[in-house]
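Only one structure is covered here, and it is reproduced in the block below.
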Amino acid sequence: MVTFGRKGFPSMITTGQKIAMHRTERSRLGDTDLANVKFGRVFSDHMFVMDYDGNQWTEARITPFADLTMSPATLVLHYSQTIFEGLKAYRSASGGINLFRPQENIARMNRSAHRMCMPGVPEDLFLEALIELVRTDGGWLPTDEEGALYIRPFMFASDEYIGVKPSEGYRFIIFTCPVRQYYAEPVRVKIETQYSRAFPGGTGETKCGGNYAGGLYPAKLGQDKGYHQLVWTDGLEHRYIEESGTMNVFFNIDGTLVTPSLDGTILRGVTRDSIIRIAKDEGVPVEERRVPVDEVLAAARNGTLRSAFGAGTAATIAHISTMAFGEETFELPAIGERAVANRIGEVLDGIRRGRIADPYGWMVPVV
Ligand SMILES: *Cc1c(COP(=O)(O)O)cnc(C)c1O
């Protein structure tokens, strides 16, 4: 049984559908300097919680953000049966709040759940939970141009039992963090050719906790040498580029955007997909295919590698300034050569913040 703290537990109000509402008696918003929040360290007043009883989801509720207490025997703590998502809500130019492509995250979370032997979450309930929670804590969304509310849905195995088998019970939680523009300083990356994060038939395409734990040590070895991130290569031969940290990667080779295809070992990034759509509509050629390390190195050597960048929800676009392979390092050209990525980033940000029309139907209004 998992319970959670009972600070400030007032009367219960039920919303339109099936989500019970327990509002905090005292908001922490007044004590928070939204203009100076650190990414992922400040949490809004409320969270959405529901429990799976082995048969169905029960007790959907919005409650004050509070600690969990759980048995040391809780399954997730031992065998990592846990998955997560990450998406953002943005304030539009007209003052409303919109979610960016939440259906994509809902679908991806349910694919992750399937792979990890966990129950899916009904799509309409998931979307309603996101909307209700963001509506409840909309005041936490920084009002400056660069701010957003980062949303973290996750699910974990909650049975108290020591044995390797799928849990019967699960807890699903969504909480939010006010964030400012993740200052995307150009990153130094190292192409990893010894360790792997994923391999065919594994869980690379899944946003499951264990994938990230396994990447910490190789990433730390890279950081000790001055690299912010690794660029992972395929687990069989280390000959093909996969992705970087929690970002998909793109290379601008002679004006064509080249990115690894989705073959089961890399994350199906929503940012990746959005960049591909916008690039094609902007007339930029895009190739989704296997990307040999050799090809990228040759392009870096002969000057046709104009730029490279990572793409993900947290930073949107993170330019790569330096790329290392073994003992060789390549300094990638800056400023002008980043024009294609910057233009796509501007269109994407413009759509998210309602500065330009959304021709794709990506934005979902909350208020
Ligand atoms: C979340 C994630 C991404 C980026 O996905 P977005 O939907 O664009 O945020 C890329 N790679 C990995 C490994 C990730 O965990």
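First listed ligand is number 1; within each ligand, the first listed atom is number 1.
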Output, or 'none' if empty, a list of ligand 1-protein atom pairs in which both atoms are N or O and the distance is under 3.5 Å, rounded to 0.1 Å.
unit_1   : atom_1 : unit_2 : atom_2 : d
ligand 1 : 7 (O)  : Arg108 : NH1    : 2.9
ligand 1 : 7 (O)  : Arg108 : NH2    : 3.2
ligand 1 : 7 (O)  : Val270 : N      : 2.8
ligand 1 : 8 (O)  : Val270 : N      : 3.3
ligand 1 : 8 (O)  : Thr271 : N      : 2.9
ligand 1 : 8 (O)  : Thr271 : OG1    : 2.6
ligand 1 : 9 (O)  : Thr313 : N      : 2.9
ligand 1 : 9 (O)  : Thr313 : OG1    : 2.6
ligand 1 : 11 (N) : Glu243 : OE1    : 2.5
ligand 1 : 15 (O) : Lys207 : NZ     : 2.7
ligand 1 : 15 (O) : Tyr212 : OH     : 2.5

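Under the 3.5 Å distance criterion, with hydrogens and angles disregarded, a donor-acceptor pair is assigned to the side chains of Thr304 and Asn302.
Counting non-hydrogen atoms of neighbouring residues, nucleotides and ligands closer than 6.0 angstrom, the NE2 atom of His78 exceeds 12 such neighbours. Around atom CD of Glu168, no more than 12 heavy atoms belonging to other residues, nucleotides or ligands sit under 6.0 Å away. For Tyr360, the OH atom is densely surrounded, since the number of other residues' heavy atoms within 6.0 Å is greater than 12.
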What donor-acceptor contacts under 3.5 angstrom involve side-chain atoms of residues 323-340, with partners at least two apart or in another chain?
unit_1 : atom_1 : unit_2 : atom_2 : d
Glu328 : OE1    : Arg301 : NH2    : 2.9
Glu328 : OE2    : Arg301 : NE     : 3.0
Glu331 : OE1    : Thr322 : OG1    : 3.0

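When atom types are taken as modelled, the side chain of Asp358 and the backbone of Met363 share a donor-acceptor pair closer than 3.5 angstrom.
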